[in-house]
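A short write-up of the structure that comes next.
Side chains included, hydrogens not; waters and symmetry mates left out as well; all remaining heavy atoms used.
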Amino acid sequence: MRKMTAAAARRTAVAAQGFGRRRPAVNTRRTVLDVLARTQVLQLDSVSAVVRAHYAPIFARIGAYDRALLDEAAWSDSARRPRQLVEYWAHEAALLPVEDWPLFRWRMAQYRNGRWGSARTVVERNPTLGKDILDVVADVGPSTASEVERHLELDKPKRKGSWWNLSDTKLICEQLFAAGELSVPKRVGFARHYDLTERVVPPEIAAREIPEPDAVRELVLRAATAHGIGTESDLRDYYRLQRSQTLPAIAELVAEGELEPVEVAGWDKPAYLRAGAATPRRIEGAALLCPFDPLVFCRPRIERIFDFHYRIEIYTPEHKRVHGYYVFPFLLDGELVGRVDLRAERAKGRLLVPGAFAEPGHGTAETAAALRDSLREMADWLELDDIVFGERGDLAPLL
């Protein structure tokens with residue numbers, strides 16, 4: 001079996017995600033979609049402490065770009081510029097290439113009764129609600145759950161202050177989305193507008209039937225492309241697959257030469273190298289990675305590859321947080337050398353940096369200078385004039 005050093009494996013993983021490449025002189029829809037060709041998915045998340053999660057990974061790889069380019073690719077459709085991305089449950093809720101939609105038919109079948117047990121309770125209580133929702137959407141077109149609810153003339157239950165207290169209508173809209181009957185042609189203020197999938201996904205793609213084993217094999221291959229190198233659990237996590245699915249898929253891909261088993265020094269699990277994956281001699285460049293960036297959203301993987309222990313602390317009480325509310329790992333020349341807590345104060349035109357922390361051995365003026373440049377680049381991209389540094393963390397005095 002081929003052997004690799006941990007450093008070579010790390011460079012392979014970082015390069016596969018599109019880092020270390022020369023940035024394009026001008027960013028266009030094509031350069032934005034080129035990022036998707038490497039990451040395969042962009043995770044969606046409602047937190048907007050700095051910028052929505054799906055925008056940040058593209059900035060990390062190609063620098064400042066017009067976010068409207070991504071919006072148009074995902075949430076607009078015309079004869080001249082057809083939709084190229086679609087929403088579905090991939091790693092989590094995510095944008096993915098529209099041609100990948102049929103690869104999740106098996107998951108849609110699993111979600112026929114919803115992703116949560118509460119959907120079944122709603123269906124038992126109101127068995128016609130799903131059909132009623134589909135009828136409304138068919139008649140009026142793209143609608144939010146609250147708009148559908150108004151058309152159905154339903155009384156919305158009083159909210160109890162928790163974000164998961166959804167109305168029955170919202171719950172069944174989400175069930176129909178998970179089951180593939182509804183899709184999302186647009187978002188306004190990040191709110192999903194639902195429409196019939198047949199009006200969102202091109203008919204030739206929507207009609208494509210792919211058996212589950214074949215679909216899983218393709219998803220594992222896409223995960224391997226995005227990772228460059230990874231363990232079985234890494235490949236499984238990328239699309240939230242099951243071990244019973246990935247093991248036969250990996251065996252097939254190894255037999256076909258698409259994956260090569262390798263032994264990585266210091267890794268406690270066997271690894272698989274994607275055929276054709278590059279292992280650069282060095283990786284150069286700096287990037288701020290949001291918590292949902294595909295390079296870091298699998299926490300055990302980044303701990304194995306970068307020796308970087310990372311946990312999102314959004315739901316941790318403030319007094320118990322170690323690094324902060326919304327913390328971006330800092331990638332410099334192929335290594336995670338620090339992390340920085342960030343917040344955008346849009347009304348005041350400020351990027352707040354409450355805390356900045358170095359990894360062991362990287363609390364240097366060079367790290368601080370590179371981080372300062374990256375923060376300035378991010379502030380300019382977000383049209384924020386000022387950067388306000390706090391005092392928390394060992395990098396703060398250097399910044």
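Considering all non-hydrogen atoms of both residues, Pro97 and Val86 come closest at O-CG1, 4.3 Å. The minimum heavy-atom distance between Leu176 and Gly130, with the atom names listed, is CD1-O, 3.9 Å. Minimum heavy-atom separation, Ser183 to Phe177: CA-CD1, 4.0 Å. Taking all atoms of both residues into account, the shortest heavy-atom contact from Asp45 to Phe190 is O-CZ, 3.3 Å. Contact record, Arg83 with Val98: O-CG1, 3.8 Å, taken as the closest heavy-atom pair. Closest of all the heavy-atom pairs between Tyr238 and Pro294 is OH-CB, 3.3 Å.
Salt bridge Arg350/Asp386: absent, no basic N to carboxylate O contact under 4.0 Å. At a threshold of 4.0 Å, the pair Arg339-Glu359 counts as salt-bridged, since one of the basic side-chain nitrogens sits closer than that to a carboxylate oxygen. The pair Glu377-Arg23 meets the salt-bridge criterion, since a charged nitrogen lies less than 4.0 angstrom from a carboxylate oxygen. Look at Arg299 and Glu303 and you find no salt bridge, because none of the NZ, NE, NH1 or NH2 atoms lies under 4.0 Å from a carboxylate O. Under the 4.0 Å criterion applied to side-chain N and carboxylate O atoms, Lys170 and Asp168 are not assigned as salt-bridge partners. A salt bridge is defined here as a Lys NZ or Arg NE, NH1 or NH2 lying under 4.0 Å from an Asp or Glu carboxylate O, and Arg376 with Asp380 meets this definition. The pair Arg222-Asp100 counts as a salt bridge, with a side-chain nitrogen and a carboxylate oxygen less than 4.0 angstrom apart. A salt bridge between Asp293 and Arg61 is present, with a side-chain N of the basic residue lying under 4.0 Å from a carboxylate O of the acidic one. Between Arg81 and Glu72 there is a salt bridge, since a side-chain N of the basic residue sits under 4.0 Å from a carboxylate O of the acidic one. Checked for salt-bridge contact, Arg192 and Glu87 meet the test: a charged N lies under 4.0 Å from a carboxylate O. Looking at Glu284 and Arg282, a side-chain N of the basic residue comes within less than 4.0 Å of a carboxylate O on the acidic one, giving a salt bridge. The existence of a salt bridge linking Glu232 and Arg236 is confirmed by a sub-4.0 Å separation between a basic side-chain nitrogen and an acidic carboxylate oxygen. With salt bridges taken as basic N to acidic carboxylate O contacts below 4.0 Å, none links Glu99 and Arg208. Remark: Asp34 does not engage Arg38 in a salt bridge, criterion side-chain N to carboxylate O under 4.0 Å. Ion pairing between Glu174 and Arg115 fails under the 4.0 Å rule for side-chain N and carboxylate O.
Atom CG of Asp135 has more than 12 heavy atoms from other residues, nucleotides or ligands within 6.0 Å. Counting heavy atoms of neighbouring residues, nucleotides and ligands inside a 6.0 Å radius, atom CZ of Arg30 exceeds 12 of them. The local environment of CD in Glu318 is sparse, with at most 12 non-hydrogen atoms from other residues, nucleotides or ligands closer than 6.0 Å.
Between the CH2 atom of Trp106 and the CG atom of Asp214 there is a distance of 13.0 Å, given to the nearest 0.5 Å. Expressed to the nearest 0.5 Å, how far CG of Leu95 lies from CD of Gln84 amounts to 12.5 Å. Here CG of Leu44 is found 6.0 Å from NE2 of His54. Values are rounded to the nearest 0.5 Å. Within the model, atoms CG of Leu171 and CG of Asn126 stand 11.5 Å from one another, a figure rounded to the nearest 0.5 Å. Note: Leu182 CG to Arg199 CZ = 10.0 Å, rounded to the nearest 0.5 Å. To the nearest 0.5 Å, atoms CD1 (Ile387) and CG (Leu352) are separated by 10.5 Å.
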When you look at Thr197 and Trp101, which way does the side chain to side chain contact (heavy atoms under 4.5 Å, CB included) test go after all the steps?
-> CA-CA 11 Å; Thr197 294; Trp101 186 87; 3.5 Å; yes
Given side chain to side chain contact (heavy atoms under 4.5 Å, CB included), test Leu70 with Tyr55 step by step and report yes or no.
-> CA-CA 8 Å; Leu70 181 58; Tyr55 295 120; 3.8 Å; yes
Side chain to side chain contact (heavy atoms under 4.5 Å, CB included) assessment of Met108 paired with Trp89 | CA-CA 9 Å; Met108 295 169 193; Trp89 293 102; over 6 Å; no
Show the numbers, then the answer: is there a side chain to side chain donor-acceptor pair (under 3.5 Å) between His193 and Arg187?
-> CA-CA 6 Å; His193 285 64; Arg187 282 180 179 256; over 6 Å; no
Going through the checks in order, is the side chain to side chain contact (heavy atoms under 4.5 Å, CB included) test met by Gln40 and Tyr239?
-> CA-CA 10 Å; Gln40 311 293 318; Tyr239 290 102; 3.2 Å; yes
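Proximity of the aromatic rings of Tyr88 and Phe104 is defined here by a centroid distance below 6.0 angstrom, and this criterion is met.
Under the 3.5 Å distance criterion, with hydrogens and angles disregarded, no donor-acceptor pair is assigned to the side chains of His323 and Arg311. Of the N and O atoms on the side chains of Gln245 and Glu212, at least one donor lies less than 3.5 Å from an acceptor on the other residue. Counting only N and O atoms by type, the side chains of Lys186 and Tyr194 include no donor and acceptor under 3.5 Å apart. A donor-acceptor contact under 3.5 angstrom links the side chains of Thr225 and Arg274, judged on distance only.
Judged by distance alone, with hydrogens and angles left aside, the side-chain atoms of Asp385 form no donor-acceptor pair with the main-chain N or O of Gly349 at under 3.5 Å. Judged by distance alone, with hydrogens and angles left aside, the side-chain atoms of Thr31 form no donor-acceptor pair with the main-chain N or O of Asn27 at under 3.5 Å.
Leu331 pairs with exactly one of Leu288, Leu289, Val337 by the side chain to side chain contact (heavy atoms under 4.5 Å, CB included) rule, that one being Leu289.
At a threshold of 4.5 Å between non-hydrogen side-chain atoms, the residues Val51 and Trp381 count as touching.
Cluster annotation: Leu36 and Phe292 are assigned to the same hydrophobic cluster (Ile/Leu/Val/Met/Phe/Trp/Tyr, side-chain heavy-atom contacts under 4.5 Å, transitive).
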